[in-house]
*Asks:* 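The structure under discussion is supplied below as structure tokens; questions concerning it will follow.
None of the values given here were measured: they were computed from a predicted structure. Numbers restart at 1 for each chain; the letters A, B, ... are given by sequence-line order, proteins then strands. Note that these values count all heavy atoms, side chains included, but never hydrogens, waters or copies made by symmetry.
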There are 2 protein chains.
Amino acid sequence: MATGRNHRPATSRSRGIPEATVARLPLYLRALTALSERSVPTVSSEELASAAGVNSAKLRKDFSYLGSYGTRGVGYDVEYLVYQISRELGLTQDWPVVIVGIGNLGAALANYGGFASRGFRVAALIDADPTLSGKPVAGIPVQHTDELEKIISDNGVSIGVIATPAGAAQQVCDRLVGAGVTSILNFAPTVLSVPEGVDVRKVDLSIELQILAFHEQRKAGEEPAGEPETDTAPPAAPPAVAVQKRTGSGPDGDVPAVMPA
Amino acid sequence: MATGRNHRPATSRSRGIPEATVARLPLYLRALTALSERSVPTVSSEELASAAGVNSAKLRKDFSYLGSYGTRGVGYDVEYLVYQISRELGLTQDWPVVIVGIGNLGAALANYGGFASRGFRVAALIDADPTLSGKPVAGIPVQHTDELEKIISDNGVSIGVIATPAGAAQQVCDRLVGAGVTSILNFAPTVLSVPEGVDVRKVDLSIELQILAFHEQRKAGEEPAGEPETDTAPPAAPPAVAVQKRTGSGPDGDVPAVMPA
DNA sequence: CCATCTTTGTGCACGCGTTCACAAAGGCAT
DNA sequence: ATGCCTTTGTGAACGCGTGCACAAAGATGG
């Protein structure tokens, strides 16, 4: 964009950190924090990469985007790197977040320790159920949705977490954005549409499971035969323009009716 | 590996579906299911792409890996596509899963509707806390970790969900794998090491938040000044080879204050 | 039966991310 | 001080994923 396609901005760092690198920085930070707690002074790219579960070359390239920290022949200073990455990620400042939708998941999130630590602070819990209002969850009283805009505004919240049912997610999202939130972490199984400039990250348990199921199925299909087996007896009928909508579920051993209701 | 690098296996489909495509199939499936419930017979790539929040060309290319479903000039048959994608993802069969670690998060997962529907069935809840044993969560009695291997074996479980504290995750993982689980969905903030052939997918709230914080910081840094501001007063000192190891470990919880100075 | 119009399926090019492999840089021993 | 040894930082090649743009396919109306 602004930087064009510069591989490396000459002297200074920062401007163009690739997304993939940003996504790994928290991993490095976690590994480094663990080392820091054990008072390990320095670490090599090989060791750290191993701890973070990545390739060492990748790690070095990632760090090269931040700048030339690290000493050749020695490695990286743990404490210094912790600070630099924290700073780059914006964790040296306090980020108030709100959680909307205090059901099972929302409550679990509120109780999750990972939120409170590392620069994030649960500023408020919000739910549409009036019977929840005032009740404390994880030591924080739940507030009603009516207060949403005021809460966002008063606390200067820019990050919102949506843990509502799918049906309410877009509406909540719109209100959050309208109130000034520019980053959203969405746990509801819905595609959120937001104006430009607003970041949305999605956490979807169902999708993750389905991806696992795909690989699981592929493994199961290859293991027994040990043969490529180009086609596993295609049971399905061709598209056929005029097919009856509800495929009777006859020819297929199992119930295809994937949808519950 | 086994498949080499075939772009598309000539006539037949299936073998080489790109990971990125697999990751989107659940999205399409969800959108299609919604259409199906509204009894919409056919849908164009444009409409469906919009509903799934992706580019229409990408969607068409994704579907082309599955085969040539769809009718030119018309679009895709919703019901048929639902079935095909479900089949490709392995959702036409029943996948028993176990959830290990029934804390706040584990309980939320057990209650999560998305699990029960769409081919997944919570076969068991497992926790190390003996006081939980027998207590029902989401209608399913919690069983003790001692039973883990037997549960996996008896139910033919191949997918495990880890919702334990970080410290226990690797150990639980090893036991799951040892008992025959080959796909793991990990909610614990740890890098799991598993033998080859075992798939691990990670869901990490803390990482997602940190990524959002990064972008949020970048947005905040560009908006007010409107100037790149090449360096925000670098408070840091160079790595400095010979620093004292333990920098006053006092402020551990809050300010990193890791400046060797 | 033919013309037209819609929508799919995909060849192609581009850019990002990953990995290899190595030169440069610095500590350390002698 | 000098040479060796370790480890970083990165140039370059490769492969994957994305998006454009268009030809092929088929439905639809006359």
*Asks:* What salt bridge (charged side-chain N to carboxylate O under 4.0 Å, His left out) pairs are there with at least one residue in residues 194-205 of chain B, not counting sequence neighbours?
*Replies:* A:Arg30-B:Asp204, A:Glu208-B:Arg201, A:Lys219-B:Asp199
*Asks:* Could you name each residue pair satisfying side chain to side chain donor-acceptor pair (under 3.5 Å) that touches residues 184-194 of chain A, not counting sequence neighbours?
*Replies:* none
*Asks:* Quick one: is B:Arg24 getting a side-chain N or O under 4.0 Å of the D:dT18 phosphate, OP1 or OP2?
*Replies:* yes
*Asks:* Heavy-atom contacts under 4.0 Å between residues 52-59 of chain B and DNA chain C, which residues?
*Replies:* none
*Asks:* Ignoring backbone atoms, test whether A:Ser45 places a side-chain nitrogen or oxygen under 4.0 Å from the OP1 or OP2 oxygen of D:dT8.
*Replies:* yes
*Asks:* Apply the side chain to side chain contact (heavy atoms under 4.5 Å, CB included) test between B:Leu81 and each candidate in B:Thr42, B:Leu32, B:Leu35; give the one that qualifies.
*Replies:* B:Leu32
*Asks:* Checking contacts here: which listed nucleotide (C:dT10, D:dG9, C:dG17) is nearest the side-chain heavy atoms of B:Ser64?
*Replies:* C:dT10
*Asks:* B:Asn55: what forms a side chain to side chain donor-acceptor pair (under 3.5 Å) with it, not counting sequence neighbours?
*Replies:* none
*Asks:* Report the residues that fulfil salt bridge (Lys or Arg N to Asp or Glu O under 4.0 Å) with A:Arg24, sequence neighbours left out, ordered by chain and then residue number.
*Replies:* A:Asp62
*Asks:* In whole angstrom, what separates A:Leu66's CG from D:dT8's C1'?
*Replies:* 14 Å
*Asks:* Polar pairs (N or O, both sides) under 3.5 Å between protein and nucleotides 1-6 of chain C?
*Replies:*
none

*Asks:* Hey, is the side chain of B:Ser44 poking within less than 4.0 Å of OP1 or OP2 on C:dT7, counting only N and O atoms?
*Replies:* no
*Asks:* With heavy atoms under 4.0 Å as the rule, sort B:Tyr76 into base, sugar-phosphate or nothing.
*Replies:* sugar-phosphate
*Asks:* Between the base of C:dT19 and the side chain of A:Lys61, is one N or O donor paired with an acceptor at under 3.5 angstrom?
*Replies:* yes
*Asks:* So among B:Leu192, B:Ile162, B:Val191, which one has a side chain to side chain contact (heavy atoms under 4.5 Å, CB included) with B:Gln170?
*Replies:* B:Leu192
*Asks:* Taking the minimum atom-to-atom distance to the side chain of A:Thr71, which one of D:dG17, D:dT10, C:dG26 wins?
*Replies:* C:dG26
*Asks:* Using the salt bridge (charged side-chain N to carboxylate O under 4.0 Å, His left out) rule, collect all pairs that involve residues 38-55 of chain B, keeping only residues at least two apart or in two chains.
*Replies:* none
*Asks:* For residues 36-61 of chain A, pull every pair meeting ring pair (Phe, Tyr, Trp, His ring centres under 6.0 Å), keeping only residues two or more places apart or in separate chains.
*Replies:* none
*Asks:* May I have the distance from B:Glu47 (atom CD) to C:dT8 (atom C1'), rounded to whole angstrom?
*Replies:* 14 Å
*Asks:* Among pairs that include at least one residue of residues 189-209 of chain A, which meet ring pair (Phe, Tyr, Trp, His ring centres under 6.0 Å), considering only residues two or more places apart or in two chains?
*Replies:* none
